[in-house]
Amino acid sequence: MKTQVKHAQIKAGDILPPRDIAITTSLIVSGALATRDFQKVHHDKAVAQDSGMPDVFMNILTTQGLTESYLRDWCGRDAVFRKLSIHLGAPNIPGTTMTMTGEVKSCADGLVEVEVVGQNSQWGMHVKALATIALPA
Amino acid sequence: MSSENISAFEDKINAFVGRECDSSAAKDAVNKAMIRHWCEVMGNSNPDHLDEAEAAAGSRGELVAPATMLFVWGQAGYAVAAQGREQDPQTELFDLFDEHGYVGVVATNTTQEYDRELRLGEVVHARTIIDNISARKKTGLGEGYFYETVTEFTNQDGESLGRQTFKVLKYRPGNAGGEAAQ
């Protein structure tokens, strides 16, 4: 984890380093279980296909977790999450890659708002998130 | 469905708006093992989630749970796959959609607000209400309805921990056309 980010060092328009995440069946199923989500569409391909999807797909709690962890590596250990809004688009399906990018949208009163986009290599925008994070002074 | 049947169906689903789902306490208190298992998969290396000694020496002075685990603590677990969810107004609504052909399900939006970070040993209580159901919509996945729940989280002493809204699309698969799914 990088050096702790201080509020005074951040400004709107700052760009976060991008990250590629390989979307595999292992990640989807392991993420579903780590978030205690046993809906079959996240671990049983036949059930997922019955719902109109080509394969198992990532649950939203894993998307939240990957987003938090991506942001955590940028903001440092002392930062505190206040709010996270997630808008889901295309599914994360095995055999694809999700590229996460981020941009600081505002910075005031000790809080930063950061927009994170997770772009799936085959299906387009998987997630657009807006996080509110308290940074140390 | 005929327009008359659609109207009758929509009366049935709209009767769920405002209903409270069973309030439940998490079976496991906030604990290091579940936090570590989550961090392994999510690639989260924050020592304040993983190392009690290091966390004690840090700015927080103690280990805390990752923020987005807020909803994880109260999940029902494997029973959902083995037996299905326990009946409550949300599962009744879900079944009603299924019975009318809206068998597809996908979460589309969620917002979590965190009042503070969760400490080891806290027991998360969740109280969920079905807040609203949309009009019938054409989406990229098929025709369906969006419904949204609101959940309030407290600890074992009734202290507020945060809240969540969660929006789900129930749709008829393969009935594609119209605007893209959210």
*What do the steps show when you test A:R72 against B:H49 for side-chain contact (heavy atoms from CB on, under 4.5 Å), and what is the final call?*
CA-CA 11 Å; A:R72 175 63 72 189; B:H49 301 321; 4.1 Å; yes

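There is no contact between A:A131 and chain B, counting heavy-atom distances below 4.5 Å. For A:T62, the parts lying near chain B are the backbone and the side chain together; criterion is any non-hydrogen pair under 4.5 Å. Interface remark: A:F57 contributes side-chain atoms only to the contact with chain B (heavy atom separation under 4.5 Å). For chain A, the nearby part of B:E117 is the side chain; its heavy atoms alone come within less than 4.5 Å. If you measure heavy-atom distances from A:I60 to chain B, the contacts under 4.5 Å come from the side chain alone. Heavy atoms closer than 4.5 Å to chain B are found in the backbone of A:D50, but not in its side chain.
Considering CG of B:N46 and CG of A:D78, their distance stands at 8.0 Å, rounded to 0.5 Å. Separation of atoms CH2 (B:W38) and OG (A:S30) is listed at 14.0 Å; rounding is to 0.5 Å. Here the CD1-CG distance, from A:I86 to B:N109, works out to 9.5 Å after rounding to the nearest 0.5 Å.
Between the side chain of A:E68 and the main chain of B:A67, a donor-acceptor pair closer than 3.5 Å is present. Using modelled atom types, no side-chain atom of A:R36 and backbone atom of B:Y78 make a donor-acceptor pair closer than 3.5 Å. A distance-only check finds no donor-acceptor pair linking the side chain of B:Q112 to the backbone of A:K83 [under 3.5 Å].
Side-chain contact check for B:M69 versus A:Q64: every heavy-atom pair is 4.5 Å or farther apart. Taking 4.5 Å as the limit, every side-chain heavy atom of B:V106 sits out of range of all side-chain heavy atoms of A:L88. Looking at A:L61 and B:Q75, their side chains come closer than 4.5 Å, going by heavy atoms from C-beta outward. By the 4.5 Å heavy-atom criterion applied to side chains, A:L84 and B:Y114 are counted as neighbours.
Nearest heavy atoms, B:R60 versus A:V80: NH2-CG2, 3.8 Å. Of all heavy-atom pairs spanning B:H37 and A:A34, the tightest one is O-CB, 4.0 Å.
Atom CG of A:D109 has 12 or fewer heavy atoms from other residues, nucleotides or ligands within 6.0 Å. Heavy atoms from other residues, nucleotides or ligands lying under 6.0 Å from CZ of B:R127 number 12 at most. Within 6.0 Å of CD in B:E54 there are more than 12 heavy atoms belonging to other residues, nucleotides or ligands.
Ranked by non-hydrogen atom pairs under 4.5 Å with chain A, the options B:Q164, B:M42, B:M34, B:E40 are led by B:M42. Contact count versus chain A (heavy atoms, under 4.5 Å) is highest, among B:T111, B:T110, B:V41, B:V103, for B:T110. Of the listed residues (B:G104, B:A76, B:P66), the greatest number of heavy-atom pairs within a distance under 4.5 Å of chain A belongs to B:P66. With chain B as the partner, the residue from A:S69, A:G52, A:A129 showing the most heavy-atom pairs under 4.5 Å is A:S69. Annotation: maximal heavy-atom pairing with chain A below 4.5 Å, among B:G43, B:G77, B:S59, B:G58, occurs at B:G77.
With hydrophobic clusters built from ILVMFWY side chains whose heavy atoms lie under 4.5 angstrom apart, A:V29 shares a cluster with B:V80. No path of Ile, Leu, Val, Met, Phe, Trp and Tyr side chains, each step under 4.5 Å between heavy atoms, connects B:L50 with B:W73, placing them in separate hydrophobic clusters. Under the 4.5 Å side-chain heavy-atom criterion for ILVMFWY residues, a single connected hydrophobic cluster contains both A:F81 and A:L16. One hydrophobic cluster holds both A:Y70 and A:W74 under the rule that ILVMFWY side chains link at heavy-atom gaps under 4.5 Å. B:L161 and B:L120 fall within the same hydrophobic cluster, defined by Ile, Leu, Val, Met, Phe, Trp and Tyr side-chain heavy atoms under 4.5 Å apart, directly or through other members.
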